[in-house]
Number of protein chains: 2
Amino acid sequence: MTAGEQAGDNPIPRQALTRQVSFLLAQLGAHATQRFTDRIAPLGLTPPDIGVLRMIAMSPGRSQRALAEELGVVPSRVVALLDNLDRKGLVERRRSATDRRNHELHPTPAAYQLMGELWPVLQTHEADLTAALSPAERDQLASLLARIADQQGLDVGVHPGYQRANSPTTDQTKG
Amino acid sequence: MTAGEQAGDNPIPRQALTRQVSFLLAQLGAHATQRFTDRIAPLGLTPPDIGVLRMIAMSPGRSQRALAEELGVVPSRVVALLDNLDRKGLVERRRSATDRRNHELHPTPAAYQLMGELWPVLQTHEADLTAALSPAERDQLASLLARIADQQGLDVGVHPGYQRANSPTTDQTKG
DNA sequence: TATTGTTATACTCTATAACTATA
DNA sequence: TATAGTTATAGAGTATAACAATA
């Protein structure tokens, strides 16, 4: 080591970082997403697949424009997202009869079946991830997290991973 | 809507998702990372910059190979990560005298100064993110999260975002 | 021959801008 | 002319494989 360096005394101490809720959330969030990704891979699905499918299932018939709005992404992104689902036979784009510019989005029967299969996978995922906690603690944690999500203005059930909007002015790299 | 669809009764109900710790973690984790990214952008830094810099500062002189090991990424990825820091004048690669194949990694004085400036930013970030909670609740939350992180085998202070190892057998898309 | 770091290459994600069909 | 969706294009991130220097 050379003069000017301060090894054991660096400005971002490990201990402090460990206790920061913000870091723990980022760390555990990435971990949870990674585990989830692994779990649904056997079903041929990705996290974005599921998020988009769920939105469409919640109110079938909406347009791609409306979906883009809700997800917070540009329309061209929705095209790619839907192409993925389309290729898997999970979504159907129906030309609107009243305005032929619009596509009405509908899950296919296969999609509904797949979502049914997904449910137990989600439950296993949840159980494994919270294995360290008692049921009471798990509820407590869910409550605390929900309060933060609410205060932070996050849409219920909408993962912010979609609108990683690389605004032209900011230099962001990692979601 | 057409026969076979089940709009209000879809298989992934919003209410259930909302209470799942796993989803809340993924959602809040992505949100926390996004906010963090925005906050450090004015300093010209990205989240990976900070993570790597912190590791190097923790034990200066380590090799790129060792760093790759700790981050859980391939050596070629470390090259890119370090190139970013290098371009910003924050890291120095010194040819090892004992084994000229090695690069000993050292933060520059500018890096130490920047890490000093970073500290208050982290504190603001933490405070804003936990604004919904009392100090006691914040501690409680940190404790619950730390227990999960520990049980899940996460390295203390290491963000899993580095090793988004797209293993050839799995089909993962989003981190 | 084995190891460290680098370069070459390829693939995915995602945005912007140009384009087509429709209104 | 304005709008919905698509395609063309570009840039970042990240992996694998081939390579050069050193041991």
Side-chain angles (χ1 to χ4, degrees), chain A residues 30 33-34 37 41 46-49 51-52 61-87 91-105 159-175, chain B residues 30 33-34 37 41 46-49 51-52 61-87 91-105 159-175:
Chain A
T33 300
Q34 185 58 62
T37 302
T46 65
D49 281 346
V52 172
R62 56 146 45 84
S63 71
Q64 295 185 199
R65 212 77 187 189
L67 187 60
E69 180 80 17
E70 184 162 0
L71 291 174
V73 300
V74 293
S76 69
R77 175 92 187 92
V78 171
V79 173
L81 251 12
L82 289 177
D83 283 348
N84 289 338
L85 290 173
D86 209 347
R87 216 175 299 118
V91 75
E92 198 186 334
R93 292 185 247 216
R94 299 185 199 154
R95 208 102 231 180
S96 166
T98 59
D99 183 341
R100 293 184 45 75
R101 290 172 304 181
N102 274 265
H103 279 166
E104 295 171 353
L105 302 174
H159 195 291
Y162 296 99
Q163 64 274 54
R164 52 184 52 191
N166 282 10
S167 82
T169 49
T170 28
D171 171 30
Q172 34 197 352
T173 303
K174 182 158 241 155
Chain B
T33 300
Q34 185 56 62
T37 302
T46 66
D49 282 345
V52 172
R62 55 146 46 85
S63 71
Q64 294 186 196
R65 209 79 186 188
L67 187 61
E69 181 80 16
E70 185 164 358
L71 291 175
V73 299
V74 293
S76 68
R77 174 92 187 92
V78 171
V79 173
L81 250 14
L82 289 176
D83 282 349
N84 288 338
L85 290 174
D86 209 346
R87 217 174 299 120
V91 74
E92 198 186 333
R93 292 185 247 217
R94 300 186 198 153
R95 208 102 230 177
S96 165
T98 60
D99 184 341
R100 294 185 44 75
R101 290 173 304 182
N102 274 266
H103 280 165
E104 295 171 353
L105 302 175
H159 194 289
Y162 296 100
Q163 64 274 55
R164 52 184 49 191
N166 281 10
S167 82
T169 50
T170 29
D171 173 29
Q172 34 198 352
T173 303
K174 181 157 241 157

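Protein chains get the first letters and strands the later ones, always in sequence-line order, with residue 1 at the start of each. We use all heavy atoms of the structure for the numbers below, so side chains are in, but hydrogens, waters and symmetry mates are not. These figures come from a predicted structure and were not determined experimentally.
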Separation of [N] [atom2] from [X] [atom1] (nearest whole Å):
X	N	atom1	atom2	answer
Glu104(B)	dG5(C)	CD	P	10 Å
Asp86(A)	dG5(D)	CG	P	14 Å
Arg65(B)	dA23(D)	CZ	P	16 Å
His103(B)	dT7(C)	NE2	C1'	14 Å
Asp83(A)	dA4(D)	CG	C1'	15 Å
Gln64(B)	dA20(D)	CD	P	19 Å
Leu67(B)	dT4(C)	CG	P	14 Å
Leu82(B)	dT7(C)	CG	P	12 Å

Which is it for Leu82(A) and His103(A) under the side-chain contact (heavy atoms from CB on, under 4.5 Å) test, yes or no, and what are the steps along the way? CA-CA 11 Å; Leu82(A) 289 177; His103(A) 279 166; over 6 Å; no

Residue whose closest nucleotide on DNA chain D lies nearer the 5' end, Arg93(A) versus Asn84(B):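 Comparing both residues, the 5'-ward one is Arg93(A).
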
Assess, by modelled atom type and distance only, whether the side chains of Thr46(A) and Asp49(A) contain a donor and an acceptor separated by less than 3.5 Å.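 Checked: Thr46(A)/Asp49(A) side chains pair up, N/O donor to acceptor below 3.5 Å.
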
Salt bridge (Lys or Arg N to Asp or Glu O under 4.0 Å) involving Glu92(A) - partner list, sequence neighbours excluded: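 If we apply the salt bridge (Lys or Arg N to Asp or Glu O under 4.0 Å) test to Glu92(A), skipping adjacent residues, the hits are Arg94(A).
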
Nucleotide N/O to protein N/O under 3.5 Å, stretch nucleotides 20-23 of chain C:
residue	atom	partner	partner atom	Å
dA23(C)	OP1	Arg100(A)	N	2.8

Heavy-atom closest pair, residues Arg95(B) and Arg101(B):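 Smallest heavy-atom distance, with atoms named: NH2-O, 3.8 Å.
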
If you compare all heavy atoms of Asn102(B) against all heavy atoms of Ser63(B), which two are closest, and at what distance to 0.1 Å?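 Closest heavy-atom pair between Asn102(B) and Ser63(B): OD1-CB, 3.2 Å.
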
From Glu70(A), Glu69(A), Glu104(A), residue fulfilling side chain to side chain donor-acceptor pair (under 3.5 Å) relative to Arg62(A):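 In the set Glu70(A), Glu69(A), Glu104(A), the residue that makes a side chain to side chain donor-acceptor pair (under 3.5 Å) with Arg62(A) is Glu70(A).
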
So Ser63(B), base contact, sugar-phosphate only, or nothing? Heavy-atom distance under 4.0 Å.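 The answer is sugar-phosphate, as Ser63(B) gets under 4.0 Å only of primed atoms, P, OP1 or OP2.
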
